[in-house]
> 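Following this message is one structure expressed as structure tokens.
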Amino acid sequence: MEVKNFAKAIGTYLFAEILSLFLALTLSAVGGTLLRIISCICTIGVMLCLCINYAVNRANADRIAKRGNTPLRRFSLSGAVTLPYVLLGLCLVLAKCGLIPPTFYRWYKLLNAPFLQLCNLCSMDVTATALSWGEVGLLFLVNFAPFAAVWIAYSLTRKGVSIEEIQYRK
């Protein structure tokens, strides 16, 4: 994959991180479980929308450049966006195992802003030892949502399906 596409993927991650952190902190300032759930849905939605936008733009550019629609291409584009999320998820598992300090969980929440409120719904504590293995597994698996979003949006766009048409279809 070209450096330009990787830079755009990392830019998508950073933009999603900033917007999600802003939304999460703004909506959670009011407090309450209901607003945490709404904030969780909003921040994950923002992240997924940015990932879909990245995938549609890459698919349109690849169609114009007549690049092949190979699984390796889809995997590399999806993996580039997902890489920071998966690395954070692995670090959380390592923190739960005790291989890195359990206080990493506080940094995990901050660095994984789209899932900040999901983390708070699992445990408000700042150490990974407060999480059960089921919660760690859930938090690890949701980090693959950007991968699925990019893969599906890229594939649909390359096949000529317009995401806008799907969105506004009656």
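The analysis underlying the following values was restricted to heavy atoms, covering all of them including side chains, and did not include hydrogens, waters or symmetry mates. Treat the numbers as computed from the prediction; the structure is a model and nothing was measured.
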> For the atom pair CG (Leu77) and CG (Asn57), what is the distance rounded to the nearest 0.5 Å?
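Answer rounded to 0.5 Å: 11.5 Å.
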> Do Met124 and Phe115 share a hydrophobic cluster (ILVMFWY, side-chain heavy atoms under 4.5 Å, transitive)?
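In one cluster: no.
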> Distance-only criterion, 3.5 Å: show the donor-acceptor pairs between side-chain atoms of residues 82-100 and protein atoms not counting sequence neighbours.
unit_1	atom_1	unit_2	atom_2	d
Thr82	OG1	Ser78	O	2.8
Thr82	OG1	Phe147	N	3.0
Lys96	NZ	Leu131	O	2.5

> Just verifying a value: how many Å separate Leu34 CG and Ser39 OG, rounded to the nearest 0.5 Å?
11.0 Å
> With rounding to the nearest 0.5 angstrom, report the CG to CG distance, Leu19 to Leu14.
11.5 Å
> Classify the ring geometry of Phe104 against Tyr108: parallel below 30°, tilted from 30° to 60°, perpendicular beyond 60°.
tilted
> Give the cluster check for Ile18 versus Leu110: same hydrophobic cluster or not, with ILVMFWY residues linked at side-chain heavy-atom distances below 4.5 Å.
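Per the 4.5 Å side-chain linkage, Ile18 and Leu110 are not co-clustered.
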> Show the nearest heavy-atom pair for residues Cys119 and Lys109, with the distance to one decimal.
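Scanning both residues, the minimum pair turns out to be CB-CG, 3.8 Å.
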> Would you kindly say whether Asn69 and Tyr154 are connected by a side-chain donor-acceptor distance under 3.5 Å?
no
> Other hydrophobic cluster members with Phe22, side-chain heavy atoms of Ile/Leu/Val/Met/Phe/Trp/Tyr under 4.5 Å, chained?
none
> Please identify each residue that fulfils salt bridge (charged side-chain N to carboxylate O under 4.0 Å, His left out) with Arg106, with sequence neighbours left out.
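Testing Arg106 for salt bridge (charged side-chain N to carboxylate O under 4.0 Å, His left out), a comparison that skips the adjacent residues, returns none.
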> Can any side-chain N or O of Ser155 pair as donor or acceptor with the backbone N or O of Trp151 at less than 3.5 Å?
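Such a contact is found between Ser155 side chain and Trp151 backbone.
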> Decide side chain to side chain contact (heavy atoms under 4.5 Å, CB included) for Val81 and Tyr54; before the verdict, give the C-alpha distance in whole Å, the side-chain angles of both, and the deciding distance to 0.1 Å.
CA-CA 9 Å; Val81 172; Tyr54 167 77; 3.5 Å; yes
> Tell me every residue that passes side chain to side chain donor-acceptor pair (under 3.5 Å) with Thr129, counting only those two or more places apart in sequence or in another chain.
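For Thr129, the residues satisfying side chain to side chain donor-acceptor pair (under 3.5 Å) (neighbours in sequence not counted) are Thr127.
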> For Asn53 and Cys49, indicate whether the former's side chain and the latter's backbone hold a donor-acceptor pair under 3.5 Å.
no
> Is there a donor-acceptor contact under 3.5 Å from the side chain of Ser20 to the main chain of Glu17?
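It does not hold such a pair.
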> First locate atom CD of Glu135, then atom CG of Leu118, and finally report the distance between them rounded to the nearest 0.5 Å.
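Going from the CD atom of Glu135 to the CG atom of Leu118 covers 9.5 Å.
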> Test of understanding: with side chain to side chain donor-acceptor pair (under 3.5 Å), list the residues that count as partners of Tyr13, not counting sequence neighbours.
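Side chain to side chain donor-acceptor pair (under 3.5 Å) list for Tyr13, sorted by chain: empty.
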> Mind checking the CD-SG spacing from Gln117 to Cys40? Nearest 0.5 Å is all I need.
7.0 Å
> Taking atom CZ as the centre, does Phe15 end up with more than 12 heavy-atom neighbours from other residues, nucleotides or ligands that are less than 6.0 angstrom away?
no
> Quick check: do Val150 and Arg58 have side-chain heavy atoms less than 4.5 Å from each other?
no
> How far apart are the closest heavy atoms of Leu48 and Ala149, and which atoms are they?
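Between these two residues, the closest heavy atoms are CD2-CB, 3.8 Å.
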> Output yes when a side-chain donor or acceptor of Ser76 lies under 3.5 Å from a complementary backbone atom of Arg73, and no otherwise.
yes
> How close do Ala16 and Pro114 get, heavy atom to heavy atom, and via which atoms?
O-CG, 4.4 Å
> Side chains of Leu116 and Thr43: does their closest heavy-atom pair fall under 4.5 Å?
no
> For residues Met47 and Pro146, report the shortest heavy-atom separation together with the two atoms involved.
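Heavy atoms only, the tightest pair is SD-CG, 3.3 Å.
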> Taking ILVMFWY side chains as joined if any heavy atoms are under 4.5 angstrom apart, and letting links pass through other members, which residues group with Ile41?
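In the cluster with Ile41 are Ile37, Leu121.
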> Is there a donor-acceptor contact under 3.5 Å from the side chain of Arg158 to the main chain of Val56?
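Checked: no pair found.
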> Quick check: is Phe144 connected to Phe75 through a chain of hydrophobic side chains (ILVMFWY, heavy atoms under 4.5 Å apart)?
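No; Phe144 is not reachable from Phe75 via cluster members.
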